[in-house]
Amino acid sequence: AECVGRTGLEYDRPEVASLLGGALASGLTSAHVAAALRTTTAYKTQLVRRVARQVVDLAAGRRTIEAELSEWERMLARTDLDAASK
């Protein structure tokens, strides 16, 4: 999450999160995503949409991710989270 937060341009953070998540041997978890979301104020929905299919514990940790989003952001990310949960 710290690497994502240190990315200079916020619009690059979803891509960085996806690349780092793909490199994790144990896989990207909902806790990783929630921590990354706490490092940014913008592009949260894009970050979730970008990494949703990579999250290995999405069924159990979806609420952890959603807790870091506003109601509007949750609504925007819902379709991607639903699709990744199937």
Side-chain angles (χ1 to χ4, degrees):
E2 187 177 332
C3 291
V4 173
R6 289 181 181 230
T7 303
L9 300 172
E10 282 199 71
Y11 67 83
D12 284 336
R13 290 179 183 174
E15 178 68 21
V16 170
S18 178
L19 290 171
L20 291 173
L24 292 172
S26 61
L28 185 65
T29 67
S30 56
H32 290 125
V33 177
L37 289 169
R38 287 190 292 272
T39 70
T40 190
T41 57
Y43 301 99
K44 288 185 174 189
T45 304
Q46 291 86 341
L47 192 149
V48 172
R49 295 178 79 188
R50 178 75 182 184
V51 302
R53 292 194 182 274
Q54 292 175 268
V55 179
V56 296
D57 66 343
L58 187 58
R62 180 173 176 159
R63 289 185 190 266
T64 303
I65 294 169
E66 290 176 332
E68 300 299 329
L69 302 172
S70 69
E71 184 177 344
W72 176 247
E73 290 165 335
R74 281 192 300 275
M75 189 176 77
L76 294 175
R78 183 175 300 138
T79 302
D80 293 278
L81 289 171
D82 287 347
S85 296
K86 294 180 182 180

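- A distance of 14.5 Å separates CD in E68 from CZ in R63, rounded to the nearest 0.5 Å.
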Check against side chain to side chain contact (heavy atoms under 4.5 Å, CB included), R62 and D82: CA-CA 10 Å; R62 180 173 176 159; D82 287 347; 2.7 Å; yes
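- Between L81 and E66, the shortest heavy-atom contact is CD1-OE2, 3.9 Å.
- To the nearest 0.5 Å, atoms CG (L37) and CD (E73) are separated by 8.0 Å.
- Of the options V55, V56, L24, a side chain to side chain contact (heavy atoms under 4.5 Å, CB included) to T29 is made by V56 and by none of the others.
- Expressed to the nearest 0.5 Å, how far CZ of R53 lies from CG of L28 amounts to 14.0 Å.
- The side-chain heavy atoms of D80 and Q46, taken from C-beta on, include no pair separated by under 4.5 Å.
- Minimum interatomic distance between A84 and A52 (heavy atoms only, all atoms of both residues): CB-O, 3.5 Å.
- Inspection of the S30 and D57 side chains reveals an N or O donor paired with an N or O acceptor under 3.5 Å.
- Within a 6.0 Å sphere centred on CZ of R49, other residues, nucleotides and ligands contribute 12 heavy atoms or fewer.
- The two residues R50 and Q54 have their closest heavy-atom pair at O-OE1, 3.8 Å.
- Residues A77 and T45 come closest through the heavy atom pair N-CG2, 4.0 Å.
- Residues L58 and I65 meet the side-chain proximity criterion, which asks for heavy atoms closer than 4.5 Å.
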